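Report on the following structure.
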Number of protein chains: 2
Amino acid sequence: MASSRPGPNLSRIATSLGVSVATVSNALSGKGRVSEQLAEKIREHAAELGYIPSQAGRALRTGRSGVLGLVLPDIANPLFPKIAQAIEFAAKSADYGVLIADSRGDVTAQTEAINRLIERGVDGMVVVPRRATRISASSCPVAVIDTASTPGNTVAADHWQGGQQIAAHLAGLGHKRILIIGNNPESNVQNDRAGGIRSGLAKGMSSEMLWIERLEQTAGPGCRLGLARKAAEGFTAFAALSDLQALRALTELQQEGINVPADVSVTGFDDLIWSPVVTPALTTARMDMDRIAEIAISALLKTILESGTREGVIVTAETDRVPMQLIVRQSSGPARPAKENLTDGELAT
Amino acid sequence: MASSRPGPNLSRIATSLGVSVATVSNALSGKGRVSEQLAEKIREHAAELGYIPSQAGRALRTGRSGVLGLVLPDIANPLFPKIAQAIEFAAKSADYGVLIADSRGDVTAQTEAINRLIERGVDGMVVVPRRATRISASSCPVAVIDTASTPGNTVAADHWQGGQQIAAHLAGLGHKRILIIGNNPESNVQNDRAGGIRSGLAKGMSSEMLWIERLEQTAGPGCRLGLARKAAEGFTAFAALSDLQALRALTELQQEGINVPADVSVTGFDDLIWSPVVTPALTTARMDMDRIAEIAISALLKTILESGTREGVIVTAETDRVPMQLIVRQSSGPARPAKENLTDGELAT
DNA sequence: AGAGCCTGATTAAACGATTAATCAAACGCA
DNA sequence: TGCGTTTGATTAATCGTTTAATCAGGCTCT
């Protein structure tokens with residue numbers, strides 16, 4: 001029943017070579033004082049036997065599990081794959097494992113998820129917080145990835161700057177009236193993106209905001225956004241705050257017989273999986289998740305290694321925002337001259 | 001530096017109450033022989049102190065880590081969120097944690113990912129195998145989620161039956177010529193879905209296959225699929241083997257001025273995040289991931305608990321395929337009468 | 001030559017939980 | 001009364017690793 005692990009352990013290697021376990025441990029970790037010849041012999045023999053150190057034994061002794069937690073607001077979020085991938089990659093480079101915890105549901109679920117991770121003994125965790133949630137430092141270091149305007153944010157994409165890039169791109173194409181399409185006004189990320197767009201508008205440009213969740217509260221989920229009418233009113237660019245909303249806008253426009261990008265332009269954020277393969281491919285602003293993850297993880301590890309005592313702090317990094325990259329594809333093009341829009345407007349109304 | 005965990009441990013509780021650690025352990029686990037009154041007192045005191053058992057200590061003694069691994073072919077896969085969410089949910093119900101491992105890249109990366117998990121001491125793992133990969137049983141129980149036709153598959157959605165549902169749906173709408181759109185002919189899942197569709201075609205119906213990756217090898221990634229021409233040739237339904245391809249088809253058709261579902265129908269698979277929000281919303285076949293995960297995890301846990309010895313087996317479950325559910329939305333509708341298609345065909349060619 | 005100093009190894013004590021083995025007391029019963 | 005059994009608790013070993021403390025030689029230097 002005891003199901004003792006199959007592989008060899010330190011003492012097996014030790015007795016097999018006629019040395020002490022401490023020497024083997026030292027040889028393999030390169031820490032104590034072991035002659036180079038003996039060390040080499042030990043390493044060889046260990047490799048030969050296929051020695052795998054017991055994480056449990058090590059964790060018990062060192063007080064560190066070698067595992068980080070990853071908490072996500074809603075694991076079904078289309079952004080999740082990239083985040084998880086980047087975090088896992090950054091963690092494994094430092095020989096850490098990643099334990100996932102989904103906080104599907106309400107805010108208490110987020111707290112429960114965090115607690116579960118702590119019970120599992122993670123050395124630290126990365127939290128992508130639920131909207132408008134503040135992470136209370138628990139009993140281990142925490143890195144928060146959200147957006148610069150979130151208090152306690154460790155590192156994130158520079159959503160504001162991303163918005164500015166989108167705005168500059170649209171300005172360059174001659175667009176004057178921009179409809180910004182967001183999902184939820186409580187999202188810090190979306191507000192920063194929208195703010196960035198507005199701040200980047202050139203002289204003579206104006207914008208209006210459309211929050212989908214508000215609309216859906218009266219019109220029902222999955223309802224039309226009424227973009228054809230907006231186009232008729234003279235909006236020539238639809239800047240969604242996420243590719244999911246951009247996709248929704250794009251298909252609705254196309255369904256109404258409005259051509260993208262000939263008639264109007266559509267842009268998104270995040271460069272999600274479908275962005276390059278839809279027709280027209282989406283112009284979008286991409287975050288450098290690999291870099292964000294790298295910064296978050298290294299800040300986390302630094303805190304973990306330095307502070308021996310497992311205090312619950314929210315770690316900080318030197319760079320707290322990573323620039324977004326504008327990806328120009330086919331969904332954005334030159335604005336139609338205003339007069340034609342007027343004509344369209346007359347036809348549509 | 002030793003960074004001893006902050007919370008109380010068994011011996012702290014024991015001395016604090018004047019009993020032995022063994023008694024405390026027994027009281028909390030309900031295993032040994034402890035009087036009900038004392039047990040109650042111990043439980044109370046433990047809760048009061050906020051006792052959290054050390055996973056490391058427990059793992060070291062019992063030889064079980066309480067952690068399962070999840071290996072995914074490509075974590076960036078849009079299906080990943082649902083899988084991870086379902087697996088994590090099923091695992092946490094059984095008090096297990098989930099460690100992720102991305103096998104981004106080639107087949108060797110998959111093996112490396114599996115090895116990393118084993119080094120971390122997982123008690124078992126769930127593998128969604130890379131295309132055309134056979135999982136060689138390693139040193140812990142493994143559950144494989146792919147498709148029924150994959151040798152060694154533990155449990156999966158009944159992709160074949162899902163295909164039949166799609167076919168039946170299209171047959172009911174009067175479609176005669178179906179274009180099946182897949183990504184990669186080496187995918188067992190896609191082949192089963194396609195096979196299901198073909199097997200479900202009614203009398204007088206015919207189908208043709210289009211593999212996107214093959215097309216892209218000559219025409220370049222992101223190229224047009226030439227669906228307008230196919231529509232002109234008389235195809236009235238486009239059955240994609242995944243919602244990602246369905247989306248690609250839908251937007252391409254819309255861009256060409258072909259109306260969905262008035263002119264042609266489009267269906268997909270998986271009910272991915274965007275399916276309900278695009279216009280028209282996608283008709284698709286959804287897998288019951290929660291149930292699949294539940295079956296996989298329970299089969300895994302059964303093997304783990306039964307076989308004390310950590311052997312590397314691929315576990316089996318009583319039910320190896322879970323029915324898919326057809327979700328009918330707006331992207332599929334009655335087939336246009338053949339003569340009109342002819343007219344369109346004349347116009348287009 | 002003896003005191004002191006490296007060098008290269010060993011000893012032994014943790015870390016925290018589980019669990020088989022043991023033990024003391026109380027109880028039942030002839 | 002005395003023997004066997006049950007109950008309720010303790011003792012002690014164990015899992016595998018790390019690491020401080022110790023120790024035996026060989027070496028240098030005065």
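Here is the naming used below: chain letters follow the sequence lines, and residue numbers restart at 1 for every chain. It should be emphasised that the depicted structure is a prediction, and the values quoted were computed from it without experimental measurement.
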Under the rule for salt bridge (charged side-chain N to carboxylate O under 4.0 Å, His left out), what residues qualify as partners of Glu36(B), not counting sequence neighbours?
Arg43(B)
Just to be sure I understand the rule, does Ala22(A) reach a base, reach only the sugar-phosphate, or reach nothing, if contact means heavy atoms closer than 4.0 Å?
base
Considering only heavy side-chain atoms of Arg33(B), the closest of dT19(D), dC15(D), dA9(D) is dA9(D)
For Thr23(B), which contact category applies under a 4.0 Å heavy-atom criterion: base, sugar-phosphate, or nothing?
base
Could you give the NZ-to-C1' distance, from Lys41(A) to dG8(C), as a whole number of Å?
14 Å
From C-beta outward on Asn26(B), which listed nucleotide comes closest to its side chain: dT10(D), dG16(D), dT18(D)?
dT10(D)
Given dT18(C), dT10(C), dT17(D), the nucleotide with the shortest approach to the side chain of Tyr51(A)
dT17(D)
Polar side-chain contact Arg61(B)-dT14(D) base: donor and acceptor under 3.5 Å
yes
Let me have the donor-acceptor pairs involving side chains of residues 291-301 of chain A, under 3.5 Å, with sequence neighbours excluded, atom names and distances please.
residue   : atom : partner   : partner atom : Å
Ser298(A) : OG   : Glu294(A) : O            : 3.3
Ser298(A) : OG   : Ile295(A) : O            : 3.3

Side chain of Ser20(B) - closest among dT18(C), dT18(D), dT10(D):
dT10(D)
When you check the gap from the basic side-chain N to the acidic O, do Glu112(B) and Lys92(A) get nearer than 4.0 Å?
no
By nearest atom, which of the nucleotides dT10(C), dT18(C), dA9(D) is closest to the Ser25(B) side chain?
dT18(C)
Proximal nucleotide (of dT19(C), dA9(D), dA9(C)) relative to the Val34(B) side chain:
dA9(D)
